[in-house]
Amino acid sequence: MIYSIWEEMKQAWRALMSNKVRSALTMLGVVIGIFSVITLVTIAEGAKNYVTDQIKNLGAGYDSFVLAAGKDPMVPPNPKFVYADIAYLKGQVPEIRDIVALNPGSGRVKFGRSETKASMVMGTTANFLGLMGGNLTQGRFFSEAEVDGRRRVMIIGPTIARNLFGESDPVNERVKLKGDQFLVIGVTEPRGSVGPLDMDKRVIVPITTIQNMLGTNKIFRFNIFPKDPNRIAEVKEKVTVAVQRRIRSDDFRFLTQQGILNIVNNVLAALTGFVSGIAAISLLVGGIGIMNIMLVAVNERVREIGVRKAVGARRRDIVLQFLVESMMISLLGGVLGIILGLLGAFLIMFFIKGTLVIAWWAVVMATVVSAAVGIFFGVYPALRAARLDPVAALRYE
Amino acid sequence: MSADGRPVVRITDVKRTYRMGTVDVHALRGIDLRIERGEFVSIMGPSGCGKSTLMHILGCLDRPSAGAVRLDEVDVDELDDNELAEIRNKKVGFVFQTFNLLPKLNAVENVELPLIYAGVGFDERREKAAGLLESVGLKERMYHKPSELSGGQSQRVAIARSLANGPSLILADEPTGNLDSTSGEEIIRLFQELNNKGITLIIVTHDQEIAEHSKRIVRLKDGLIVADEPVNNRRRAS
């Protein structure tokens, strides 16, 4: 059986090669179907990896979660959190190891005649560096005393340092931000971009200082670090109760790595489903095309079938011959689709600077599906061929 | 008559009726025929006398509507389609008027075809097919496609193919019908040589001269055998 399949494959290959244009056109439906699925799945897989990597940088790592002001992320928040809530939450929920407060803002940093474009200015607490990762290449981070004292000190990203100071040391230089004078005390290490945010153009100042500048005492978000990272869900619940009691409102939300991943996965799943639907239609049409061409091939080869039967081909030999041929068309289309799909995904990933992650399960599945399409749509033509009466087939002109 | 006395073909009261629209056509109306091992029989008759139908039934390509067919001591009527295919593969070799070589395969691959269906592996198959082509004088044409062969050469490839599995019986349907007289003569000579080696041959022809090269002539008319006699002054193909 295995041996005869190999024989049939050699013959099928010759049959396909003797009709190259027709074979190629017949494959097209399968090529397009498999191509679109492979491209999308590969991009989705890359996107998932990318997002997982970046979530940590955004501050919702596996060991923490974000408590943010505002229930609806689409509506600008009206925060009710204040600095004292850090101590309050730690008191109410003893499972909390530490809390980092974060307030976002933006502004231009000026040094002498140089000025940056609008940079992300982040106000935070003194424990930021230790908990949220990252290192300084020069200088130091601000201390708790400096936060309490609302000191105008700042840590700048490496791009800002280079743009404003060139090769010279920015530490202990004085710069201006929104008209106020700040002392540069440190430079962060290069980290690249997180989505649209360039971490290397970031400015970090004490959260109290930015509150002062903006004339508010409110805080936009807390990054909460439980003592046991496996108990994020439990800590989240306790925090919910404590916050509701404190601000007498539920105008807040949580961001967890799992939550963000779920959203990303949902979007990707919807997209994958949509493209899979299109691909299924394409495969269906491709399969019908294969069936059509195989029926033509059977009609063209009636005499050949007669001869084969006369020299001893059984029905199953004829069935196998045509099934192998239709499977080969479809499989070749599938393989071509996989190659083009991976190439397409590679190009897209190249342009959006992502890493190509090949989803091997999808490659295997595409191979199996394309072979199955060929077999499924080849059955009817193959049976028609096998059922031909040898005498009539030999007489056929 | 062969030594063991067991006939290669024994058919009894074979009838074959076709339905053409609403009319029944009686192609064979009760044929009895016994052919011994080593015979060389010509079946003759005018068009429509049923000789092709008889050949298809002898070759297990078709089944009779009534009557018994025994081929090499096997009751063919009792076999299913797969078993018939196996008989065609192993016990019968066909030679056709139009050669019926597969145009995409070269000569040796055409000869290998019955061996593929017999499950013979590549090396053995190629060796055997090459040997058969050599025995019909076409060794140097082994890798030529049918389109590159003359009619006589094509028919010799077809004969080599019919011999591939060492059949009990070669059936040839107007084997010289598409050939010029020289090539036809060559084919008949090849048949006589094969017969001299003990191979049983049945050829269907309407050409008296061709028939006189065989050992026995069976004449059909309107689906019945009207004459069955040995050839007295047998011709030798030059």
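Everything quoted here is computed from the prediction, not taken from an experiment. Chain identifiers are assigned alphabetically (A, B, ...) following the order of the sequence lines, protein sequences preceding nucleic acid strands; residue numbering begins at 1 within each chain.
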message: For the backbone of B:N100 and the side chain of A:R303, can you confirm whether one donor and one acceptor N or O come within less than 3.5 Å of each other?
response: no
Quick check on [X] against chain A: is it the side chain, the backbone, both or neither that has a heavy atom closer than 4.5 Å?
X	result
B:L102	side chain
B:E83	neither
B:L101	neither

field: Heavy-atom closest contact (A:A313 atom, B:A85 atom, distance)
entry: O-CB, 3.7 Å
- line: Closest non-hydrogen atoms of B:Y117 and A:G312, given as atom of the first, atom of the second and distance, are CB-O, 3.8 Å
Above 12 or not: heavy atoms from other molecules or residues under 6.0 Å from [atom1] of [X]?
X	atom1	answer
B:M142	CE	yes
B:E148	CD	yes
B:K221	NZ	no
A:F350	CZ	no
B:H144	NE2	yes

- prompt: Which residues from residues 383-394 of chain A are near chain B, with near meaning under 4.5 Å between non-hydrogen atoms?
  reply: A:D389, A:P390, A:V391, A:L394
task: Give the intermediate values and the outcome of salt bridge (charged side-chain N to carboxylate O under 4.0 Å, His left out) for residues B:E109 and A:K10.
output: CA-CA 12 Å; B:E109 287 165 336; A:K10 286 196 285 190; over 6 Å; no
- request: Output, in order, the C-alpha distance, side-chain angles, deciding distance and verdict of side-chain contact (heavy atoms from CB on, under 4.5 Å) for A:M17 and B:K104.
  value: CA-CA 11 Å; A:M17 284 302 115; B:K104 283 175 202 156; over 6 Å; no
Sub-4.5 Å side-chain heavy-atom contact between B:L113 and A:R308: yes
message: What I'd like to find out is whether the side chain of B:R88 reaches to under 4.5 Å of the side chain of A:K309, using heavy atoms alone.
response: yes
Verdict with reasoning, B:R125 to A:E7, per salt bridge (charged side-chain N to carboxylate O under 4.0 Å, His left out): CA-CA 12 Å; B:R125 195 167 83 208; A:E7 291 294 332; 3.0 Å; yes
message: Just so I understand: if I count every heavy-atom pair under 4.5 Å between each of A:G306, A:A15, A:S18, A:A310 and chain B, which residue has the most?
response: A:A310
task: Give the intermediate values and the outcome of side-chain contact (heavy atoms from CB on, under 4.5 Å) for residues B:L84 and A:R314.
output: CA-CA 8 Å; B:L84 282 184; A:R314 291 154 298 186; over 6 Å; no
message: Does either side chain, that of A:R315 or that of B:N82, offer a donor lying less than 3.5 Å from an acceptor on the other one?
response: no
